[in-house]
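Read through the structure below, which is laid out as structure tokens, and then see the notes.
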Amino acid sequence: MRLAITSGEPAGIGPDLCLRLAEQSWQDELVVLCDQKLLAARAKEMGVEVSFRRYDANEPVRASQRGVLTVCDIQTRADVITGVLNPINSDYVIALLDRAIAGCGSGEFAAMVTAPLHKGVINEAGRAFTGHTEYLAEQTATPLVVMMLAGDTPHGLLRVALATTHLPLSAVSAAITADTLTAVLRILDHDLRTKFGLAAPRILVAGLNPHAGEGGHMGREEIDTIIPTLERLRTEGMNLIGPLPADTLFTPRVLPQGDAVLAMYHDQGLAPLKYATFGQGINITLGLPIIRTSVDHGTALDLAGRRLDGAEPVADPGSLYAAVTLAAQLARKQTQ
Ligand SMILES: NC(=O)c1ccc[n+]([C@@H]2O[C@H](COP(=O)([O-])OP(=O)(O)OC[C@H]3O[C@@H](n4cnc5c(N)ncnc54)[C@H](O)[C@@H]3O)[C@@H](O)[C@H]2O)c1
Ligand SMILES: N[C@H](C(=O)O)[C@H](O)COP(=O)(O)O
């Protein structure tokens with residue numbers, strides 16, 4: 001298998017983590033999409049010993065050797081200062097994504113894995129951009145996709161999908177309609193079956209309001225939208241539990257009752273997930289025609305370029321390793 005790894009924001013930890021993929025060998029060919037000059041400079045800064053092999057799409061797919069990084073060289077638009085954002089390089093970040101999406105679409109790559117980018121600096125460069133998830137949906141002409149993050153906790157694997165993604169909190173209620181909730185739950189149920197092999201996935205659905213609305217006394221979204229939608233989808237055979245009060249949903253007694261949680265908005269679901277799994281979890285876009293996984297963290301500008309000599313904390317590559325491993329598993333499953 002050949003997997004594309006986009007290195008993300010050049011001033012952040014994406015290039016550092018990509019370099020650290022070469023700390024082990026991989027069964028698959030990992031092709032890092034990055035400016036090779038930037039990787040060489042960052043390796044020097046971090047004290048990493050690695051050699052680079054230029055990617056050639058016409059060569060046969062090969063396993064990745066420890067100590068060697070295969071690089072699809074795409075040049076930054078301006079010199080990179082580690083830890084310092086530069087809007088001029090936003091086009092470069094987008095070019096990495098476009099190259100990976102095109103390669104996944106043509107079959108050149110079996111999957112894409114994304115290192116973190118910085119949404120703010122891309123907007124500052126004049127491009128409306130809310131995240132990989134939404135960009136991938138747009139670029140693959142997919143009307144709706146679902147963001148799901150997952151990671152191991154002491155109580156078992158936790159999967160959290162989101163009914164809404166990157167939007168202001170003030171816009172969340174209006175975004176939760178019967179139609180969108182229905183579409184999100186259909187994608188989640190379908191992909192839990194097909195991608196994760198769950199024959200009858202049990203989905204714990206969070207309410208939106210405190211105490212799931214307290215019978216309508218603390219908000220009506222549960223009564224007006226969520227409950228009727230869940231009832232309708234249950235008649236189609238979906239195993240849906242809820243709406244449950246979100247504050248006690250993420251507790252060891254409730255979580256084992258489901259295979260995944262559907263949270264109504266970003267921080268409702270991701271705050272408990274990251275509390276339990278940060279640095280080791282993965283992000284996957286469900287409902288896409290291509291396979292895309294990602295890390296569970298952002299650009300961590302404060303950690304970029306740190307030397308690996310143990311003198312100070314460095315970015316943990318665990319989540320990128322987990323995202324690559326999952327992408328390869330899903331790609332393999334798809335070809336079986
Ligand atoms: N997949 C992605 O592209 C992705 C995911 C999350 C956030 N972001 C973006 O990243 C930017 C910065 O976001 P933020 O500051 O909210 O979150 P962040 O994850 O970059 O940083 C939050 C904290 O976690 C630490 N941290 C992050 N990754 C780490 C790692 N691998 N190992 C050890 N510590 C780590 C940071 O040093 C910081 O203290 C924003 O633009 C955000 O939108 C991108
Ligand atoms: N919501 C994600 C998180 O908090 O980890 C993150 O912002 C990444 O989103 P995209 O994969 O859509 O860029």
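As the structure lists them, so they are numbered: ligands from 1, and atoms in each ligand from 1.
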Listing, residues 215-229 side-chain donor-acceptor contacts under 3.5 Å, not counting sequence neighbours, or none:
{"from": "R220", "atom 1": "NE", "to": "D224", "atom 2": "OD1", "distance (Å)": "3.4"}
{"from": "R220", "atom 1": "NE", "to": "D224", "atom 2": "OD2", "distance (Å)": "3.4"}
{"from": "R220", "atom 1": "NH2", "to": "D224", "atom 2": "OD1", "distance (Å)": "3.0"}
{"from": "E221", "atom 1": "OE1", "to": "N209", "atom 2": "ND2", "distance (Å)": "2.9"}
{"from": "E221", "atom 1": "OE2", "to": "S173", "atom 2": "OG", "distance (Å)": "2.6"}
{"from": "E222", "atom 1": "OE1", "to": "N209", "atom 2": "ND2", "distance (Å)": "2.8"}
{"from": "E222", "atom 1": "OE2", "to": "L208", "atom 2": "N", "distance (Å)": "2.7"}
{"from": "E222", "atom 1": "OE2", "to": "N209", "atom 2": "N", "distance (Å)": "2.8"}
{"from": "E222", "atom 1": "OE2", "to": "N209", "atom 2": "ND2", "distance (Å)": "3.3"}
{"from": "T229", "atom 1": "OG1", "to": "T225", "atom 2": "O", "distance (Å)": "2.6"}

- Task: Scan side-chain atoms only and decide if Y92 and N86 contain a donor-acceptor pair under the 3.5 Å cut-off.
- Result: no

- Ion pair present between R66 and E23, side-chain N to carboxylate O less than 4.0 angstrom? no

- Query: Which ligand 1 atoms does I13 reach within 4.0 Å, using its non-hydrogen atoms?
  - Reply: 28 (N), 31 (N)

- Is the closest basic N to carboxylate O distance between R234 and E231 below 4.0 Å? no

- Task: Identify the protein heavy atom lying closest to atom 12 (C) of ligand 1, giving its residue, its atom name and the separation to 0.1 Å.
- Result: T299 OG1, 3.5 Å

- Item | Winner among K119, H297, Q280, H118 once heavy atoms are compared against atom 43 (O) of ligand 1 | K119

- Message: At less than 4.0 angstrom from any non-hydrogen atom of P116, what atoms of ligand 1 do you find?
- Response: 2 (C), 3 (O)

List, for ligand 2, each N/O atom that has a protein N/O partner under 3.5 Å away, with both atom names and the distance.
{"from": "ligand 2", "atom 1": "1 (N)", "to": "H166", "atom 2": "NE2", "distance (Å)": "3.0"}
{"from": "ligand 2", "atom 1": "1 (N)", "to": "H266", "atom 2": "NE2", "distance (Å)": "2.8"}
{"from": "ligand 2", "atom 1": "4 (O)", "to": "H266", "atom 2": "NE2", "distance (Å)": "3.3"}
{"from": "ligand 2", "atom 1": "4 (O)", "to": "K274", "atom 2": "NZ", "distance (Å)": "2.8"}
{"from": "ligand 2", "atom 1": "5 (O)", "to": "K274", "atom 2": "NZ", "distance (Å)": "2.8"}
{"from": "ligand 2", "atom 1": "7 (O)", "to": "K119", "atom 2": "NZ", "distance (Å)": "2.7"}
{"from": "ligand 2", "atom 1": "7 (O)", "to": "H166", "atom 2": "NE2", "distance (Å)": "3.1"}
{"from": "ligand 2", "atom 1": "11 (O)", "to": "N283", "atom 2": "ND2", "distance (Å)": "3.1"}
{"from": "ligand 2", "atom 1": "11 (O)", "to": "R292", "atom 2": "NH1", "distance (Å)": "3.1"}
{"from": "ligand 2", "atom 1": "11 (O)", "to": "R292", "atom 2": "NH2", "distance (Å)": "2.8"}
{"from": "ligand 2", "atom 1": "12 (O)", "to": "H132", "atom 2": "N", "distance (Å)": "3.2"}
{"from": "ligand 2", "atom 1": "12 (O)", "to": "T133", "atom 2": "N", "distance (Å)": "2.8"}
{"from": "ligand 2", "atom 1": "12 (O)", "to": "T133", "atom 2": "OG1", "distance (Å)": "2.5"}
{"from": "ligand 2", "atom 1": "13 (O)", "to": "H132", "atom 2": "N", "distance (Å)": "2.9"}
{"from": "ligand 2", "atom 1": "13 (O)", "to": "H132", "atom 2": "ND1", "distance (Å)": "2.8"}

- Task: Specify the closest pair of heavy atoms between D296 and Q280, including all atoms of both residues, with the distance to one decimal.
- Result: OD2-N, 3.5 Å

- Task: Say whether T114 and ligand 1 are in contact under the criterion: heavy-atom distance to a ligand atom below 4.0 Å.
- Result: no

- For the pair R307 and E312, find out whether any cationic side-chain nitrogen is under 4.0 Å from an anionic carboxylate oxygen. no

- Query: Short check: is a protein heavy atom less than 4.0 Å from atom 35 (C) of ligand 1?
  - Reply: yes

- Item | Stepwise salt bridge (charged side-chain N to carboxylate O under 4.0 Å, His left out) check, E59 with R2 | CA-CA 11 Å; E59 283 182 12; R2 180 173 270 162; over 6 Å; no

- Hey, does G279 sit under 4.0 Å from ligand 1 if you only count heavy atoms? no

- Ion pair check, E134 and K119, cut-off under 4.0 Å: no

- Message: Tell me the contacting part of E9 for ligand 1: side chain, backbone, both, or neither, using a 4.0 Å heavy-atom threshold, strictly below.
- Response: neither

- Query: How far is atom 7 (C) of ligand 1 from its nearest protein heavy atom, and which residue and atom name does that atom have?
  - Reply: G298 CA, 3.3 Å

- Message: Exactly one of V121, I74, L117 should register a side-chain contact (heavy atoms from CB on, under 4.5 Å) with V93. Which one does?
- Response: L117

- Any idea which protein heavy atom is nearest atom 25 (C) of ligand 1, and the distance to it? F278 CE2, 4.2 Å

- Message: Show the atoms of ligand 1 that are less than 4.0 angstrom away from any heavy atom in S294.
- Response: 1 (N)

- Taking all non-hydrogen atoms of both residues into account, name the closest pair between S7 and V32 and its distance. CB-CG1, 4.5 Å

- Query: So which protein heavy atom does atom 30 (C) of ligand 1 come closest to, and at what separation?
  - Reply: D316 N, 3.5 Å

- Query: For atom 44 (C) of ligand 1, what is the nearest protein heavy atom, given as residue, atom name and distance?
  - Reply: L117 O, 3.3 Å

- Message: Under a 4.0 angstrom heavy-atom cut-off, which atoms of ligand 1 come close to L303?
- Response: 33 (C), 34 (N), 35 (C), 37 (O)

- Record the part of D302 in heavy-atom contact with ligand 1 below 4.0 Å; permitted values are side chain, backbone, both and neither. side chain

- Under 4.0 Å from atom 21 (O) of ligand 1, do we find at least one protein heavy atom? no

- Item | Pairing of K37 and D73 as salt bridge, 4.0 angstrom limit | no

- According to the interplanar angle, ranging from 0 to 90°, do the rings of H266 and H166 count as parallel (below 30°), tilted (30 to 60°) or perpendicular (above 60°)? tilted

- Item | Residues R20 and D16 bridged, charged N to O under 4.0 Å | no

- Note on the structure: Between A78 and I88, the two heavy atoms sitting closest are CB-CG2, 3.9 Å

- Note on the structure: Result for side-chain contact (heavy atoms from CB on, under 4.5 Å) between L204 and one of I241, L240, D259 points to I241

- Message: Distance under 4.0 Å to a non-hydrogen atom of A300: what atoms of ligand 1 satisfy this?
- Response: 20 (O), 26 (N), 27 (C), 28 (N), 36 (C), 37 (O)

- Atom indices of ligand 1 within 4.0 angstrom of A315 heavy atoms, with elements: 32 (N)

- atom 16 (O) of ligand 1 touched by protein (heavy atom, under 4.0 Å): no

